[in-house]
Amino acid sequence: MSDDPIYDKDAATPDSWAALATKQMKGLAPDELTWITPEEIRLRCLYTAEDIADLPYTNTMPGMSPYIRGPQATMYAGRPWTIRQYAGFSTAEESNAFYRKALAAGGQGISVAFDLATHRGYDSDHPRVAGDVGKAGVAVDSIEDMKILFDGIPLDKVSVSMTMNGAVLPVLAGYIVAAEEQGVGQEQLSGTIQNDILKEFMVRNTYIYPPAPSMRIIGDIIAYCSEHMPRFNTISISGYHIQEAGANAALELAYTLADGKEYIRTAIAAGLDIDQFAPRLSFFWGIGMNFYLEIAKMRAARMLWARIVSEFNPQNPKSSMLRTHSQTSGWSLTEQDPYNNVVRTTIEAIALPSEFAARIARNTQLIIQEETGITQVVDPWGGSYMMESLTNDIADKAWELIEEVENEGGMAKAIESGLPKLRIEEAAAAKQARIDRGEDVIVGVNKYKLNHEDEVEILEIETEAVREAQLKRLAEIRATRDQASVDDILTQITRVAGGEEGNLLALSIEAIRRRATVGEISDAMEKEFGRFKASAQTVSGVYGAAFSEDQGWKEIAGDIDAFVEKHGRRPRMLVCKMGQDGHDRGAKVVATAFADVGFDIDLSPMFSTPEEVARQAIENDVHAVGASSLAAGHKTLVPQLVEQLKKQGGEDIIVIAGGVIPRQDYDVLYDAGVKCIFGPGTPIPQSAREVLNAINQIQGG
């Protein structure tokens, strides 16, 4: 036995060990006893009964309001969670093959990832999406693609989740008509459409129309599905993308629930009673690597949602139950030492890309369900001193943020003011600074790094081949349909979008039946709604504050001052996102950090073409263009940018590429004229130094 009195059987009985431990710890410095989370929650290394003595709801049961311990009395002891993998592979044929294999191997539902062109309401033949077709998901232009996508999959038995927001009307209509032509009625369909446009304006950016008409679309979908599709979830209110954009757990929790409250108001304004639609609302959380906090977040979410819904006087208990699915973080995965990601996704418990990795991810869940016994106990965390205390702490933090949104007039108005986006971007910059300083450990990236990284086989999509196949199918459908009938229904959609009475989902279903395309239906509404353009802005000072005493950071700032003295201005860089990829976390963090160290930074509008970026770079007289890539369009779009700079007279402007760029692609980009490439995990001070050196070489400094 140790001499430590905590473990001395003569000095303490088991009942007093905790008290003795607490007493001993009181002699330690505060920072040795606690650590402060990014949410500003102070966690201690020991909790006792005193910590939960005054907390509400610690004696609740599963299936009882406010559902902290779960919305169902038996939870997973009665039925394990549904295993589905988010996937879409270039063409409908390849995606269908993947889904069928996954279902045969133990998958229990389908989760469809659509390509970026589809998300943004463009057909594959639109000139703005030449580099995006089949990237980051499956290309869907028409009912013919949808029928292939679900071929051989009985839609009356298999639930389908679809991550779609911007082009939600034609995509949901396509799924309904594909089922119809399979012989499955709308009332038999089960699954979820994401249909969460508010978070698109906050973080993911795959919107099409401005906020007001976008909310009107949601109202039409909820109204139609409440009447015709009782088993289908009309909206999946998403915290996942909020977390992926850099939000901490409190921000994700608060803004997701505030979005949900706004959708309730929208449905009620459309004439629905709370109990008509609230039982079919669902939620979607991102699960990161902070194990305890993620559990507390989910428990707090159920409690706070019950509180929010109670304001609308529901009579059906199911209206207050928060039902959810969750997905592992993509942002937490690393390029460096990539097989560590298998461990990360086991903790987060969801999926990885590629067929090989998908099998590992699926089997991870099956092993958790079938071999660990984890499903046998309902909410094992109930009554835990630490977990109950942490649940209350995160709930309090989130409620403060929800009240801040309410003071703005609700989430729609808060988004217009820019408040949520600002808070999320501040959190993202702070998180990146902690990683780059080594305060937040990422194994294999900023600690325990390998001396040599082996190449890993990756899935690569041949965009041109996929696009050619889509163009052929589009030509066939347009040549064989009744064009006058299509024109008539599209005109009706435009009129209803403009204010005539009617339901836009009902009209979209009819348009799909007549073989109208995703792009044509989207365009019909755009004539009245317009296409939304976000303003480009960044936070300042957050990243730099974390490095204010760092010697290397000071040296970069000093060298920038020397550059100014020699050239009469600061090094200037345009940070851009090209194509239809709306994930701008990396671009925004780089922009704010480079500005903090002394660069002049410009931001291109979202969804710019290489030609537009080159024109802006020349007009703004920048030294460099930093192209951020996440969705695999870099081999097409970045070389096009280099060519456009030469064509427009900006050949002296250097091009930098950063983001999710596999090392196998570096030579392609270097050969195209790219000066520097920064893959995932590159510390920003390192990239700032290399960019400054590259500019100095061109400028003769």
Centre-to-centre under 6.0 Å for Phe277 and Tyr263, is that the case here? no
Any donor-acceptor pair under 3.5 Å linking the side chain of [X] with the backbone of [Y]?
X: Arg302; Y: Pro71; value: no
X: Thr118; Y: Val140; value: yes
X: Ser282; Y: Ile235; value: yes
X: Glu388; Y: Gly383; value: yes
X: Glu408; Y: Leu419; value: no
X: Asn165; Y: Asn195; value: yes
X: Asn248; Y: Leu251; value: yes
X: Ser159; Y: Ser190; value: no
X: Gln376; Y: Gly373; value: no
X: Arg69; Y: Asp379; value: yes

What orientation do [X] and [Y] show, parallel under 30°, tilted 30 to 60°, or perpendicular over 60°?
X: Phe114; Y: His119; result: perpendicular
X: Phe284; Y: His241; result: perpendicular
X: His228; Y: Tyr224; result: tilted
X: Trp381; Y: Tyr292; result: perpendicular

Looking at [X], I'd like to know if its [atom1] atom is crowded, meaning that more than 12 non-hydrogen atoms belonging to other residues, nucleotides or ligands lie closer than 6.0 Å.
X: Phe532; atom1: CZ; answer: yes
X: Leu422; atom1: CG; answer: yes
X: Glu40; atom1: CD; answer: no

Would Lys588 and Ile424 count as a side-chain contact (heavy atoms from CB on, under 4.5 Å) here? Give the steps. CA-CA 11 Å; Lys588 289 292 186 68; Ile424 292 166; over 6 Å; no
Between [Y] and [X], is there a salt bridge with N-O shorter than 4.0 Å?
X: Lys397; Y: Asp393; answer: no
X: Arg265; Y: Glu406; answer: yes
X: Lys413; Y: Glu416; answer: no

Check step by step if side-chain contact (heavy atoms from CB on, under 4.5 Å) holds for Lys297 and Glu39. CA-CA 11 Å; Lys297 179 186 76 181; Glu39 298 78 15; over 6 Å; no
Would you say the side-chain atoms of Glu200 and Thr206 include a donor-acceptor pair closer than 3.5 Å?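 A pair is found: one side chain offers a donor N or O, the other an acceptor, under 3.5 Å apart.
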Do the side chains of Leu401 and Trp399 get nearer than 4.5 Å, heavy atoms only? no
Got Met411 and Pro420 here, is their nearest side-chain heavy-atom distance under 4.5 Å?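 Sidechains of Pro420 and Met411: in contact.
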Rounded at 0.5 Å granularity, tell me how far OG in Ser389 sits from CD in Glu50. 12.0 Å
Roughly how far apart are Cys225 SG and Leu505 CG, rounded to 0.5 Å?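 So the gap between those two atoms works out to 5.5 Å.
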